[in-house]
Amino acid sequence: MDKAQQFEEHRPRLFSLAYRMLGSAAEAEDAVQDAYLRWHGAEPGQVTAPGPWLAKVLTNLCLNRLTSARMRRVEYVGPWLPEPVRTDDGTLGPMETAEQREAVSLAMLVLMERLTPPERATVVLRDAFGYSHRDIAGVIGCSEANARQLYRRAKQHLTDGREKLVSPGESSSGLLARFLDAAAQGAMTQLEALLADDVVAWSDGGGKVSAARRPVVGREKVARFLAGLVARSAAGVRMEIVEANGSAVVLGREGGELTSLSALEADEAGIIGIRIIRNPDKLAFLAGQLREPSQNG
């Protein structure tokens, strides 16, 4: 097996690692390609364990990218949301448990933005890939004690910001269907009944398409905002429900092109969060995935 073939065996795992680190499918692909160039340029005998070597190289490439990405996101037009990725085809690994699905949800990836790059690396390596604190220390270049401290601090930040979310799956598909039906009919009473009092809607257009520049807060304001979106686009938009980032989401297509993705977050009070991605650059990776047949048939 040549070096290129060897690398391809590791590519899915590397992409999964990079995406969790960066929250961007496009940047994850670029980071994986940079890791391949490092791999291709390695001297014979330099790499004794390809998996750990590639993970270390890729993690450090992602740490560098995160530092510059944080600066770019400060200047981002409107709310920043992660790039969605299809997850029913194994792209990000198994999605068999609520914990696995929540770990790649848009809500969790937004929370991960609160972490420093090293904190984010420790959480991803520990929780998603089962690395020991000693192994994490070796990857990011710190002591084992420091790796433990980074992990504890990161988990506390995530716990402080996490809401109790409804488990993705059939229940979220049903919630989405009721939500879409009420919005499409302009049934304000039904729509408001699904929303929690303190619901928040984020809309990411990246300055490239029309989107709210600030979060919309409160049941009545969010209901009017959503009804307005549906009314303006109903004539030419086809809606469908698919799985992305571990849960059911609704896609909007115009003329066959993917133009929006909406994800809901809910608890016992109703829908507490709605994240709408309209930036075409952020929908490009998912659009490509949807054009290809699922690996799961």
Side-chain angles (χ1 to χ4, degrees), residues 1-76 80 82-87 89-94 103-104 109 112-113 115-132 134-142 147 150 206 245 279-292 295:
M1 182 184 301
D2 64 23
K3 291 187 76 171
Q5 291 174 317
Q6 228 180 340
F7 184 86
E8 288 306 311
E9 287 192 346
H10 294 277
R11 184 182 290 274
R13 182 178 173 87
L14 294 173
F15 176 81
S16 180
L17 168 59
Y19 176 73
R20 285 171 163 87
M21 284 282 292
L22 300 170
S24 165
E27 289 189 24
E29 287 191 310
D30 288 346
V32 171
Q33 186 59 28
D34 287 346
Y36 172 74
L37 295 176
R38 300 282 183 91
W39 164 261
H40 186 72
E43 296 294 331
Q46 182 181 345
V47 181
T48 55
W53 187 90
L54 285 167
K56 180 174 183 176
V57 166
L58 182 64
T59 298
N60 282 285
L61 286 168
C62 289
L63 287 172
N64 292 336
R65 285 176 173 271
L66 277 174
T67 301
S68 59
R70 287 163 77 92
M71 294 299 296
R72 291 197 304 274
R73 289 168 192 173
V74 168
E75 302 170 355
Y76 194 78
W80 179 92
E83 290 182 29
V85 171
R86 185 179 181 181
T87 48
D89 63 352
T91 295
L92 296 182
V104 295
L109 290 173
M112 293 279 277
E113 290 291 304
L115 307 181
T116 66
E119 287 173 346
R120 189 161 182 163
T122 61
V123 169
V124 171
L125 291 171
R126 180 97 175 136
D127 291 353
F129 296 92
Y131 274 49
S132 68
R134 177 179 295 180
D135 289 338
I136 293 171
V139 169
I140 65 176
C142 68
L150 283 169
N245 290 79
N279 185 340
D281 293 344
K282 292 192 175 183
L283 296 171
F285 185 85
L286 177 60
Q289 287 182 298
L290 294 170
R291 285 193 291 268
E292 299 174 359
Q295 295 175 11

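Values in this document were obtained by computation on a predicted structure and should not be read as measured data.
Take Asn64 and apply the side-chain hydrogen bond (donor to acceptor under 3.5 Å, both in side chains) test, not counting sequence neighbours, and it matches no residue. Asp30 pairs by the salt bridge (Lys or Arg N to Asp or Glu O under 4.0 Å) definition with nothing, not counting sequence neighbours. Scanning for salt bridge (Lys or Arg N to Asp or Glu O under 4.0 Å) contacts around Glu27 gives Arg72, with sequence neighbours left out. Contacts of Arg65 classified as salt bridge (Lys or Arg N to Asp or Glu O under 4.0 Å), with partners at least two apart in sequence or in another chain: Asp34. Looking at residues two or more places apart in sequence or on another chain, you find a side-chain contact (heavy atoms from CB on, under 4.5 Å) between Ala287 and Leu258, Arg291. Every residue two or more places apart in sequence or in another chain that forms a side-chain contact (heavy atoms from CB on, under 4.5 Å) with Glu29 is listed here: Phe15, Phe285. For the salt bridge (Lys or Arg N to Asp or Glu O under 4.0 Å) test, residues two or more places apart in sequence or in another chain that qualify with Lys282 are Asp204. Applying the side-chain contact (heavy atoms from CB on, under 4.5 Å) rule to Arg11 yields the partners Phe7, Glu8, Val32, Gln33; only residues at least two apart in sequence or on another chain are considered. Applying the side-chain contact (heavy atoms from CB on, under 4.5 Å) rule to Ala4 yields the partners Asp2, Tyr36; only residues at least two apart in sequence or on another chain are considered.
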Discussion item. If you apply the rule side chain to side chain contact (heavy atoms under 4.5 Å, CB included), what do you find for Trp39 with His10, and how did you get there?
Written reply: CA-CA 11 Å; Trp39 164 261; His10 294 277; 5.8 Å; no

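Here the shortest heavy-atom pairing between Ala35 and Leu61 reads N-CD1, 3.6 Å. Leu17 and Ala55 get closest at one heavy-atom pair: CD2-O, 4.1 Å. Taking both residues in full, the closest heavy atoms of Leu22 and Ala31 are given as CD1-CB, 4.3 Å, listed atom of the first, atom of the second, then distance.
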Name the atoms and distances for all side-chain donor-acceptor pairs under 3.5 Å in residues 134-142, with sequence neighbours left out.
| from | atom 1 | to | atom 2 | distance (Å) |
| --- | --- | --- | --- | --- |
| Asp135 | OD2 | Ser132 | OG | 3.2 |

Less than 3.5 Å apart, which donor and acceptor atoms pair up between the side chains of residues 40-48 and the rest of the protein, not counting sequence neighbours?
| from | atom 1 | to | atom 2 | distance (Å) |
| --- | --- | --- | --- | --- |
| Gln46 | OE1 | Glu43 | N | 3.0 |

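Considering Arg126, Arg120, Glu119 in turn, Glu119 is the only one that fulfils the side-chain contact (heavy atoms from CB on, under 4.5 Å) rule with Leu150.
Using a 4.5 Å cut-off on side-chain heavy atoms (C-beta onward), Asn279 and Tyr76 make contact. You'll find the side chain of Trp53 reaches within 4.5 Å of the side chain of Arg38, heavy atoms only.
The CE atom of Met21 sits 4.5 Å away from atom CG of Leu63, with the distance rounded to the nearest 0.5 Å. For the atom pair OG1 of Thr59 and CG of Leu54, the computed distance is 10.5 Å after rounding to the nearest 0.5 Å.
Within the structure, side chain to side chain donor-acceptor pair (under 3.5 Å) contacts touching residues 14-26 (residues at least two apart or in different chains) are Ser16-Arg20, Tyr19-Asn245, Ser24-Glu83.
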